[in-house]
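Notes follow once the structure below has been shown.
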Amino acid sequence: MTLTHLLYDCRVADPARLRAAAPWERMLVEAAEAAGATVLAARFHQFAPAGVTGILLLAESHVSVHTWPEHHRAALDVFTCGPMDATAIVDTVRAWLDPVEETLRTVDRSEVEPSLLQR
């Protein structure tokens with residue numbers, strides 16, 4: 001089984017898209033579905049005066065986001081198993097935010113000791 005965890009962090013010039021939860025929820029649901037994921041649930045929270053934390057529960061695992069508009073920063077986790085295209089979700093976020101700085105780390109979580117999986 002392939003288990004991939006993408007960790008995407010970025011800084012943007014214009015923090016406008018980091019402020020509100022509703023656009024994030026719409027964009028991430030569309031991105032996840034386009035990437036081949038099955039969205040089971042979405043839960044997003046709007047901070048006052050601005051900022052977002054949210055998660056998509058996927059049949060394939062999850063996508064989560066946290067934003068800090070006052071610091072022009074966002075962090076995204078995409079954890080997947082199966083055939084969906086996790087990178088496509090990050091690419092959608094990247095295109096939507098147009099970051100000025102970014103890092104993408106890939107963690108292969110497939111290499112779990114088989115004895116740990118047995119109960």
Side-chain angles (χ1 to χ4, degrees):
M1 171 173 35
T2 301
L3 299 171
T4 302
H5 197 167
L6 302 180
L7 306 170
Y8 178 69
D9 298 280
C10 69
R11 189 174 64 79
V12 297
D14 179 3
R17 289 199 164 160
L18 304 180
R19 297 183 190 286
W24 272 98
E25 183 172 353
R26 282 190 302 273
M27 183 270 299
L28 284 177
V29 166
E30 290 175 10
E33 290 173 344
T38 303
V39 178
L40 301 175
R43 177 81 167 126
F44 283 73
H45 177 77
Q46 176 68 60
F47 290 103
V52 175
T53 189
I55 188 162
L56 296 181
L57 178 63
L58 307 177
E60 300 80 7
S61 196
H62 72 269
V63 175
S64 65
V65 64
H66 304 279
T67 71
W68 298 270
E70 67 277 16
H71 300 291
H72 296 234
R73 298 192 57 94
L76 182 80
D77 287 5
V78 182
F79 185 29
T80 65
C81 62
M84 67 168 282
D85 185 0
T87 304
I89 297 171
V90 173
D91 290 343
T92 298
V93 171
R94 179 184 284 135
W96 193 62
L97 290 178
D98 190 27
V100 294
E101 288 180 18
E102 61 186 352
T103 61
L104 177 62
R105 290 170 282 167
T106 302
V107 179
D108 179 2
R109 299 181 81 177
S110 303
E111 305 259 342
V112 175
E113 177 64 37
S115 64
L116 295 176
L117 299 176
Q118 299 172 0
R119 293 182 187 241

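What you are looking at is a predicted structure, and each value in this text was computed from that prediction instead of being measured.
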Closest heavy-atom pair and its distance - Trp24, Val52: CD1-CG2, 3.9 Å

Residues which pass side-chain contact (heavy atoms from CB on, under 4.5 Å) with Ala37, listed by chain and number, not counting sequence neighbours: Ala32, Leu58, Glu60, Met84

side-chain contact (heavy atoms from CB on, under 4.5 Å) partners of His62, counting only residues at least two apart: Ile55, Ser64, Asp77, Phe79

Side chain proximity check, Tyr8 to Val93, heavy atoms < 4.5 angstrom: yes

Nearest-0.5 Å distance that lies between atom CZ in Arg11 and atom NE2 in His71: 12.5 Å

Side-chain touch Val39/Glu33, heavy atoms, less than 4.5 angstrom: yes

Atom pair OG1/NE2 of Thr80 and His5 - distance to nearest 0.5 Å: 9.0 Å

Inter-residue atom distance Leu76.CG - Leu28.CG, 0.5 Å rounding: 6.5 Å

Any side-chain heavy-atom pair of Val78 and Val90 under 4.5 Å: yes

Cationic N near anionic O, under 4.0 Å, Arg94 to Glu102: yes

Hphob cluster co-occupancy, Leu104 + Leu97, side-chain heavy atoms under 4.5 angstrom: yes

Atom of Arg17, atom of Trp96 and distance for their closest heavy-atom approach: NH1-O, 2.6 Å

CD on Glu30 to OG1 on Thr92, rounded to 0.5 Å: 9.5 Å

Val107 and Leu7, any side-chain heavy atoms less than 4.5 Å apart: yes

Interatomic spacing from CG in Asp91 to CG in Asp85 - rounded to 0.5 Å: 7.5 Å

Asp9 bridged to Arg105 by N-O distance under 4.0 Å: yes

Close side-chain approach of Ile89 and Thr87, heavy atoms under 4.5 Å: no

Any side-chain heavy-atom pair of Trp68 and Leu18 under 4.5 Å: no

Worked verdict on Asp108 versus Thr4 for side chain to side chain contact (heavy atoms under 4.5 Å, CB included): CA-CA 5 Å; Asp108 179 2; Thr4 302; 5.6 Å; no

Gln46 (side chain) donor-acceptor with Gly51 (main chain) under 3.5 angstrom: yes

Minimum heavy-atom distance Phe44-Ala42, with the two atoms named: CE1-CB, 4.1 Å

Side chains of His45 and Thr53, donor plus acceptor under 3.5 Å: no

Side chain proximity check, Val12 to Val100, heavy atoms < 4.5 angstrom: no

